[in-house]
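Structure first, then comments.
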Amino acid sequence: MGLVMGTFSMQSKQVNYHKDKADDDLEMTMVCHRPEGLDQLEALTNFNKRELQVLYRGFKNECPSGVVNEETFKQIYSQFFPHGDASTYAHYLFNAFDTAQSGSIKFEDFVTALSTLLRGSITEKLQWTFNLYDINRDGYINKEEMTDIVRAIYDMMGKYTYPVLKNDAPKQHVDAFFQKMDKNRDGVVTLDEFILSCQEDENIMRSLQLFENVI
Amino acid sequence: MAAGVATWLPFARAAAVGWLPLAKKTMPKPPVDNSSRSDEILYVNVSGVRFQTWKNTLDRYPDTLLGSSEKEFFYNEDTQEYFFDRDPEMFRHILNFYRTGKLHYPRHECIQAFDEELAFYGIVPEIIGDCCMEEYRDRKKENQERLAEDTEANEAMDAPLPPHSTPRERLWRAFENPHTSTMALVFYYVTGFFIAVSVIANVVETVPCRPLKGSVKDLPCGEKYQLAFFCMDTACVLIFTFEYLMRLFAAPSRCKFMRSVMSVIDVVAIMPYYIGLVMPENEDVSGAFVTLRVFRVFRIFKFSRHSQGLRILGYTLKSCASELGFLLFSLTMAIIIFATVMFYAEKGTKGSTFTSIPASFWYTIVTMTTLGYGDMVPNTIAGKIFGSICSLSGVLVIALPVPVIVSNFSRIYHQNQRADKMRAQQKVRLARIRMAKKGTTNAFLQYKEDRALGDRDSDSTALCVKNRSAFEHQHHHLLHCLEKTTNHEFTDEMTYSELCMTESVGFRTSRSTSLSSQQGAQNNSTGCCPRRARRRAAMRLANSTVSVSRGSVQELDTLHMKITAIPPQTRSSLNAQLEDLKLNCGEQDFSAAIISIPTPPANTPEESLPPSPAPIPGILRNTRATAYTHDKIKVSSL
C-alpha cells in the first residue's frame with residue numbers, strides 16, 4: 001500500500017498550501033491596448049498634440065495595460081469621495097464613458113469623452129449628460145432612472161452631512177427635476193426636452209462654461 | 001514576434017531572386033515603402049538617464065510600447081528625445097531585451113515592481129528567458145500567495161457585517177469567527193469543554209476500577225459505572241449533534257460544507273453513538289460494535305477548530321504529501337528487500353522467529369526505525385551482518401525527507417504568524433485611515449472658509465491659498481460642487497453628533513434669527529441660519545479658548561465667539577475677521593461669505609459639469625489619490 005501511495009504522490013506535483021494559482025492569471029494581467037496614433041487622435045478630438053501627450057502620460061501611468069476596467073475605475077473614483085460610497089455613481093459614469101459597452105475604457109474612449117465635456121459645444125455636453133442619465137439607453141429618462149442616479153450622488157456625500165440627510169431627499173430632488181424638464185408631462189424626459197430646458201436655465205449655461213479650462 | 005524574423009526578412013526577400021528563372025508568371029509588384037530607410041539613433045531619457053539606441057532595435061518588437069507609435073506620446077519636442085518618468089535601473093533590462101531578444105529578471109528587484117514595468121512597456125512576461133524564468137515564477141507565486149492571504153485575512157476577520165444580513169448569515173459568521181460576539185464565544189468554549197470531557201471519559205472508562213463486591217477480577221470503570229458513562233456520552237453527543245445541525249443550517253453552501261474535512265470529522269465522531277443505540281445487544285454483532293467505539297477517539301480532532309497549531313500541522317502534512325509519499329515508498333522498498341534477505345539468511349536456523357517474509361517485515365521495521373524491541377533477533381552471522389546494514393540504512397532513509405517537511409512547516413508557520421501580526425496592526429491602520437479621512441474633511445471645510453473670505457477680500461486670499469497645492473484646490477472644488485448638487489454640506493463626525501444632539505436647540509434659535517437674516521440675505525439660503533444656530537449651540541457647548549488649528553471644526557466654532565476688530569495680520573486673525581462677518585447675520589456680506597455661489601430657488605435641473613482636477617502629472621503622481629481626469633460632477637443650483 002505504501003508502494004502505491006508512494007508512486008502516486010511522487011508523480012503528482014507538489015501541493016501548495018493554497019491551491020496552485022492557475023497560470024492563466026499571468027496571461028490575464030497582460031491584456032494590453034495600444035491607442036491609435038497621436039495624429040488620428042488629434043483629428044478625432046478637440047485637443048492638440050501637447051495636451052494629448054499630457055493626458056496619455058497620466059493615463060498610462062495609472063493603467064499600464066492601457067485599459068481601465070470597472071473595478072479599477074470605481075477604486076479611483078472613490079478616492080476623491082472618501083466620505084461616502086462612490087461605487088454606484090462610478091458604475092453609471094463608467095457606462096457613460098464606455099460607449100462601446102465593452103466592459104473597459106480605453107484611452108480613445110477617455111479622450112473623446114473629455115473632448116466633448118471640455119471642448120464640445122453646449123449641445124454636445126448636454127447630450128453626453130443625457131446619455132449618462134439614460135441608464136438603459138432607450139432615449140428617455142424616466143423617474144426610476146433619475147432616482148437611481150440621484151440616489152447614487154447622494155450616497156457620495158456620506159453620512160456626516162449638514163443638514164442631516166433624509167431618506168426622501170433624493171425623491172424630492174427628482175420631483176423638482178421632472179417638474180422643470182418634463183414639458184409635456186408625459187412622465188419621461190426626451191433629449192429635446194432636456195436640451196431645451198437646460199438652455200432656458202441661465203445657471204446651467206453659466207456653469208457649463210466654468211470648467212472649460214480644466215486642462 | 002521573434003527578433004530573428006524581422007531582421008532576416010530582407011535576406012529572404014533577396015533570396016527570392018532564385019525563383020525568378022523558374023517562375024512562369026511575372027512577380028507581383030513589391031509594396032511601396034515610403035518610410036526612410038536610413039537608421040537613426042533615438043535618445044530615450046528615463047528619469048534623467050539617457051539611453052541611446054538604434055531605431056531599428058526598438059522596431060524589432062512592434063507590439064510593445066517602444067516599438068510602436070505609442071512612444072510618440074512621450075516624445076518631447078524641445079529636447080528631441082523620448083522622456084519616460086520611470087525607473088532607469090529597470091529600463092536597462094527592458095532595453096537589453098530589445099538588443100538581445102532575451103528578457104532577464106533581476107533577482108534583487110521586487111517582483112511586483114518588475115511586473116509593473118513590464119506592463120508599462122507592453123512586454124509579456126512569458127518572454128523571460130529560461131535562465132531567469134524559474135526564479136520569476138517562484139517569486140511570483142510566493143507573492144500571489146501572500147496577497148491572497150492578506151485579502152483573506154482582511155475579509156475573514158473583524159469585517160463589519162453587511163447591514164442586511166439574515167440570521168442565517170449571522171449564525172454562520174458566529175461559527176466561523178467566534179470572537180465577533182459573546183454568544184459565539186460562549187458556545188465556542190462550551191463545545192471545547194465538552195470535547196475535552198468526552199475524550200477524557202473515553203480514556204477513563206478503560207481504567208480498571210476496584211471490582212464489585214463479591215467479584216475478584218478488576219473491572220474497567222466503564223463497566224462499573226455504566227450508567228454514568230452512558231449519560232455523559234449522551235450529553236456530549238447531543239451537544240455535538242446540535243452543533244453540527246446548526247452549522248449545517250447556517251452554511252452558505254450545504255454541499256460544500258458536508259464535504260469539508262471538519263464536517264466529516266464531526267459526523268465520524270457522533271455516528272458510533274447512534275449506531276450503538278440502534279444496534280441490538282447481540283453477541284455476534286457486538287464485536288463490530290466495539291470496533292466502532294474506536295471511532296469515538298476522532299472527537300479529539302474536533303479540537304482543531306479550537307487550535308490554530310493543529311490546523312497548521314494538518315496543512316503542513318497536506319502540503320508535504322509528496323515528500324511523505326516518497327518517504328513511505330522508499331521505506332516500503334527497503335523493508336521488502338531486507339525482510340526477504342533476513343528471511344533467507346535465518347531460514348536454516350532451528351527455532352528461528354523468522355517464520356515467513358511477512359513475519360520478517362516486523363523485524364525490519366523495528367530495526368530500521370532503530371526501535372530494536374528484541375523480540376526477533378538474528379542468530380546466524382549472515383543474519384547479523386544484514387541486520388546491521390538494515391539498521392544503518394534505516395537511519396539514512398528516514399533522515400532524508402525530514403528537512404523538506406521541516407522547511408514546509410516553517411514556511412507555513414511564518415505565514416500564519418504574519419497573518420496574526422497583520423490582524424493586530426489592523427486596528428492601528430484603521431485608526432490612521434480614519435484620521436486621514438478626518439484630515440480631508442477638515443481641509444475641505446477650511447477651504448470653504450477661505451473661499452468665502454476670498455470672495456470678499458482678495459488680498460487675504462493670497463495667504464491662505466499659498467499653502468495648498470493646485471491639486472487640493474481642484475479636489476476641494478469638486479467636493480464643493482457635489483455639495484451644491486445635493487444641497488447638503490460635508491461636516492465631520494463631531495459636528496454631526498452635535499447636530500443630532502442639539503437639533504431642538506437649533507430650531508429655537510433659528511426662529512429668532514430668521515427675521516434678521518431675511519433682511520440681509522438676498523437669497524433664501526437654507527444653509528444660513530441653521531448653520532448659525534449650530535454655531536450658537538457649539539458656543540454653548542464649547543467653552544474653551546480660541547485655538548487656531550486647522551483641526552476640528554469645533555475649534556473653529558469656538559473661534560466664532562471672538563468679535564474683535566483685529567487687523568488682518570496673522571493667520572489667526574484672518575479667521576477671526578471671517579467669523580466676525582459671519583456672526584452678523586443681518587449683513588449682506590454674511591450670505592455672500594457663506595455661500596459664494598448664489599443659490600436661486602429650487603426647480604433647476606442638474607447640469608453636467610466637466611471634470612475638474614486637471615491631470616497635472618507631477619502633483620498627481622505624488623499623491624495617493626491621483627486624479628483620473630474624467631471625474632464627473634454634477635452641479636445643481638437648487
Side-chain angles (χ1 to χ4, degrees), chain A residues 2-3 5-7 9-10 12 14-18 21 26 30 32 34 37-38 53-58 61-62 64-65 76 79-80 82-83 93 97 110 113-114 117-118 125 128-129 153-154 156-157 160-165 176-177 179-181 197-198 201 203-204 207-208 211 214-215, chain B residues 68-70 72-74 116 119-120 122 124-125 144-145 148 315 318-319 321-322 325-326 328-329 331-332 412 437 440 475 478 482 485-486 488-493 496 499 530 600 602-612 614-615 617 620-621 625-626 628-632 634-635 637:
Chain A
L3 235 166
M5 186 176 161
T7 31
S9 51
M10 262 203 329
S12 66
Q14 178 175 19
V15 175
N16 278 344
Y17 178 40
H18 284 277
K21 294 272 190 295
L26 273 175
M30 281 301 131
C32 233
R34 197 142 281 114
L38 204 46
Q53 280 189 335
V54 170
L55 280 173
Y56 187 71
R57 279 187 230 138
N61 233 348
E62 291 310 305
S65 59
I76 292 170
Q79 286 176 339
F80 294 109
H83 315 88
L93 205 51
F97 269 95
F110 171 59
L114 264 189
L117 290 172
L118 295 182
K125 291 181 188 173
W128 198 95
T129 320
I153 295 178
Y154 274 82
M156 287 200 286
M157 290 293 294
Y160 303 123
T161 57
Y162 173 76
V164 178
L165 208 50
F177 175 81
Q179 197 153 10
K180 175 112 207 274
M181 293 282 157
S197 314
C198 288
D201 186 342
N203 281 317
I204 298 179
S207 310
L208 271 178
F211 291 89
V214 164
I215 293 188
Chain B
S68 66
S69 62
E70 197 183 342
E72 300 306 320
F73 283 99
F74 297 89
E116 277 171 17
F120 182 85
V124 187
Q144 273 178 345
E145 269 183 20
Y315 276 130
K318 208 163 57 158
S319 76
S322 66
F326 169 68
L328 225 54
F329 177 64
L331 264 180
T332 315
I412 294 171
K437 276 199 188 175
T440 332
H475 186 201
L478 178 65
L482 182 60
T485 311
T486 57
H488 288 73
E489 291 169 17
F490 287 107
T491 63
D492 63 352
E493 219 170 315
Y496 181 74
L499 276 178
N603 296 337
T604 52
E606 293 166 323
E607 55 203 31
S608 73
L609 278 183
S612 68
L620 293 189
R621 248 174 255 120
T626 45
Y628 197 69
T629 60
H630 47 261
D631 304 323
K632 177 104 177 52
K634 292 218 286 246
V635 171
S637 7

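All chains are named by letter (A, B, ...) in the order of the sequence lines, taking the proteins before the strands, and each is independently numbered beginning at 1. What you see is a predicted model; the values in this text were computed from it and never measured.
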Has Gln53(A) got a side-chain atom pairing as donor or acceptor with Glu72(B)'s backbone, closer than 3.5 angstrom? yes
Sequence neighbours excluded, which residues qualify as side-chain contact (heavy atoms from CB on, under 4.5 Å) partners of His83(A)?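 Applying side-chain contact (heavy atoms from CB on, under 4.5 Å) to His83(A) gives Thr441(B), Leu479(B), Phe490(B).
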For the CZ atom of Arg57(A) and the CZ atom of Phe73(B), what is their distance to the nearest 0.5 Å? 10.5 Å
NE2 of His488(B) to OH of Tyr154(A): how many Å apart, nearest 0.5 Å?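 Here the interatomic distance stands at 5.5 Å.
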By ring pair (Phe, Tyr, Trp, His ring centres under 6.0 Å) - contacts of Tyr160(A) (at least two apart):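 Partners of Tyr160(A) under the ring pair (Phe, Tyr, Trp, His ring centres under 6.0 Å) test: Tyr496(B).
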For Gly37(A) against Ser69(B), the heavy-atom pair lying closest together: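 Shortest heavy-atom contact: CA-OG, 4.3 Å.
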